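Everything below concerns the one structure shown next.
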2 protein chains.
Amino acid sequence: MPEAARTWAGTTLDDRRAARRRLLLDTGLELLGTGSAAAVSVRAVCRHARLTERYFYENFTDRDELVLAVYDEVVTEAHRALVGAVESSGPGPRQRAEAAVRAFVALILDDPRKGRVLLLSPVTDPTLSRRGVERLPMFAALVREQLADRADEEDREMTATALVGALANVFSAYLAGTLAVSRERLTAHCVRLVLGANALHS
Amino acid sequence: MPEAARTWAGTTLDDRRAARRRLLLDTGLELLGTGSAAAVSVRAVCRHARLTERYFYENFTDRDELVLAVYDEVVTEAHRALVGAVESSGPGPRQRAEAAVRAFVALILDDPRKGRVLLLSPVTDPTLSRRGVERLPMFAALVREQLADRADEEDREMTATALVGALANVFSAYLAGTLAVSRERLTAHCVRLVLGANALHS
DNA sequence: TAAGGTTGACAACGAACGTAGTCAATTGAG
DNA sequence: CTCAATTGACTACGTTCGTTGTCAACCTTA
């Protein structure tokens, strides 16, 4: 039992453990974000990371724990990005929507793997889908907030669900290359979707 | 090599082969439509159907072939239902949309497994997602047709993608029980979604 | 240098999978 | 009754998985 952090090759044990954890998380993101959701197995992650299974179980108790940690990290980052963008935007609903959409597009263009994790993994990966993880939860939250004043409860719920699905599908198609369109048009259209949601309540 | 169809237990060989194929297809639908998309394996299907693996490979060359056959059957049925409903409806866009939505709701309420296969399996199941199977392809077709006259190509494509995603998410939430709402309100809201799509082109 | 923390390569267990094959028992046709 | 078609139970091979354990090689500190 290593009670004190002995230094090793210039770094302490905890440092190296943390570095390996980081490496495993990155590898997990790589595998989870490359479509092959079922291919993120303990062995595959270790092969990719050039680490032994031992170091996997040193940092995570389960395969589940890694998957959840990867997803959680991406969601947290996206949430921060969205909230930050909305806070530092203009006050009107149009500016808020545009800031949020723009931040999200920037995020998934900067690292499409994160986009795929956010959009696909909750449905694709058994670990995530078994726990009923939401798609685009942070978008859903923003959407619900914006719709808060109009219509009744059920209508709001349906509109929010529809809007999240619409955004998710559009982004997914964009990431998959199925939707060949410029980034600006994508952004503009998604903003229109967000703003148009309110108009649905006839 | 059985050249002629000898009768056996009152039925011919081909009849029994067909019956087994049907049984395998039904079992495949059951497993694929119960969420456990990865759990539809050759052995699992045979266990469930109380058939030996031999009869699996008598009717299908692959696990893939069964999955694709199940999906194809459900899609074909849904397509027929939708086209039929639209054809025998009133002429206006509102009546057409309402007929289509109503037919689809009836379909997935009559057998939720089919709904889940249509909505989830293309994303969930490796066999289906690997081949890039579309979600709700028949809905997408109808949608594209209805949007044909308005806006330009790219806008139509994005609107269709958004609408399909919105409908899929709403139906999925409804099937999952997440969206606690009456069947009538669900239908009405989806009709509004379809009709509202046109209004998006500002 | 000796000791012990640390690392890597790898074996091993039980399970599930796809796929193919064997073989005895059953059943209808001639 | 006899024979061949048909059926079902079963075995088998090779692969991958999650998880745990072993053991020799390393590196730092005392």
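Quantities reported herein were computed from a predicted structural model and do not represent experimental measurements. Throughout, protein chains are lettered first and strands after them, A, B, ... in sequence-line order, and every chain is numbered starting at 1.
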Every protein N/O within reach of nucleotides 13-16 of chain D N/O, cut-off under 3.5 Å:
none

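The interatomic distance linking A/Y57 (OH) with D/dG21 (C1') rounds to 13 Å, in whole Å. One can place CD of B/E53 at 12 Å from C1' of C/dG21, the figure rounded to the nearest angstrom. Residue A/N59 contributes atom CG, which lies 11 Å from atom P of C/dT7 at whole-angstrom precision. One can place CZ of B/F56 at 7 Å from P of C/dT19, the figure rounded to the nearest angstrom.
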*For DNA chain D, what dot-bracket results from Watson-Crick or G-U pairs at under 3.5 Å, with [ ] for crossers and | for inter-strand partners?*
||||||||||||||||||||||||||||||
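Of the side-chain N and O atoms in A/R54, none sit less than 4.0 angstrom from OP1 or OP2 of D/dT22. Within the structure, a side-chain polar atom (N or O) of A/Y55 is placed less than 4.0 Å from OP1 or OP2 of C/dG8.
Looking at residues two or more places apart in sequence or on another chain, you find no ring pair (Phe, Tyr, Trp, His ring centres under 6.0 Å) involving A/Y55. The side chain to side chain contact (heavy atoms under 4.5 Å, CB included) check on B/A188 picks up nothing, with sequence neighbours excluded. The side chain to side chain contact (heavy atoms under 4.5 Å, CB included) test applied to B/A49 returns B/L23, B/L24, B/T27, B/L51, not counting sequence neighbours. Contacts of A/I108 classified as side chain to side chain contact (heavy atoms under 4.5 Å, CB included), with partners at least two apart in sequence or in another chain: A/F104, A/F171, A/L175. Checked against side chain to side chain donor-acceptor pair (under 3.5 Å), A/R22 has the following partners two or more places apart in sequence or in another chain: A/D26, A/E73. Remark: B/V86 pairs with B/R96, B/A100, B/L142 by the side chain to side chain contact (heavy atoms under 4.5 Å, CB included) rule, at least two apart or across chains.
Each of A/A38 and B/L51 was matched to the nucleotide of DNA chain D holding its nearest heavy atom; the match closer to the 5' end belongs to B/L51. Two residues, B/R50 and A/V42, neighbour DNA chain D, and the one matched to the more 5' nucleotide by heavy-atom proximity is B/R50.
B/V170 is listed as a side-chain neighbour of B/C190, based on a closest heavy-atom distance under 4.5 Å. Contact check for B/Y57 versus B/T61: no side-chain heavy atoms found under the 4.5 Å cut-off.
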Ignoring hydrogens and angles, write down the donor-acceptor pairs under 3.5 Å from the side chains of residues 125-138 of chain B, residues two or more places apart or on other chains.
unit_1: B/D125; atom_1: OD1; unit_2: B/R63; atom_2: NH2; d: 3.1
unit_1: B/D125; atom_1: OD1; unit_2: B/T127; atom_2: N; d: 2.8
unit_1: B/D125; atom_1: OD1; unit_2: B/T127; atom_2: OG1; d: 3.4
unit_1: B/D125; atom_1: OD1; unit_2: B/L128; atom_2: N; d: 3.4
unit_1: B/D125; atom_1: OD2; unit_2: B/R63; atom_2: NH2; d: 3.4
unit_1: B/T127; atom_1: OG1; unit_2: B/R63; atom_2: NH2; d: 2.6
unit_1: B/T127; atom_1: OG1; unit_2: B/D64; atom_2: OD1; d: 3.2
unit_1: B/S129; atom_1: OG; unit_2: B/D125; atom_2: O; d: 2.8
unit_1: B/S129; atom_1: OG; unit_2: B/P126; atom_2: O; d: 3.3

Donor-acceptor contacts, no H, no angles, side chain residues 34-42 of chain B, under 3.5 Å, sequence neighbours left out:
unit_1: B/T34; atom_1: OG1; unit_2: B/E30; atom_2: O; d: 2.2
unit_1: B/S41; atom_1: OG; unit_2: B/A44; atom_2: N; d: 3.1

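Among residue pairs with one or both ends in residues 168-185 of chain A, those qualifying as side chain to side chain donor-acceptor pair (under 3.5 Å) are A/R102-A/E184, A/R185-B/D152, A/R185-B/E154, A/R185-B/D155; sequence neighbours excluded.
For DNA chain C, the residues of residues 60-71 of chain B within the heavy-atom distance limit of 4.0 Å (strictly under) are B/D62, B/R63, sorted by number.
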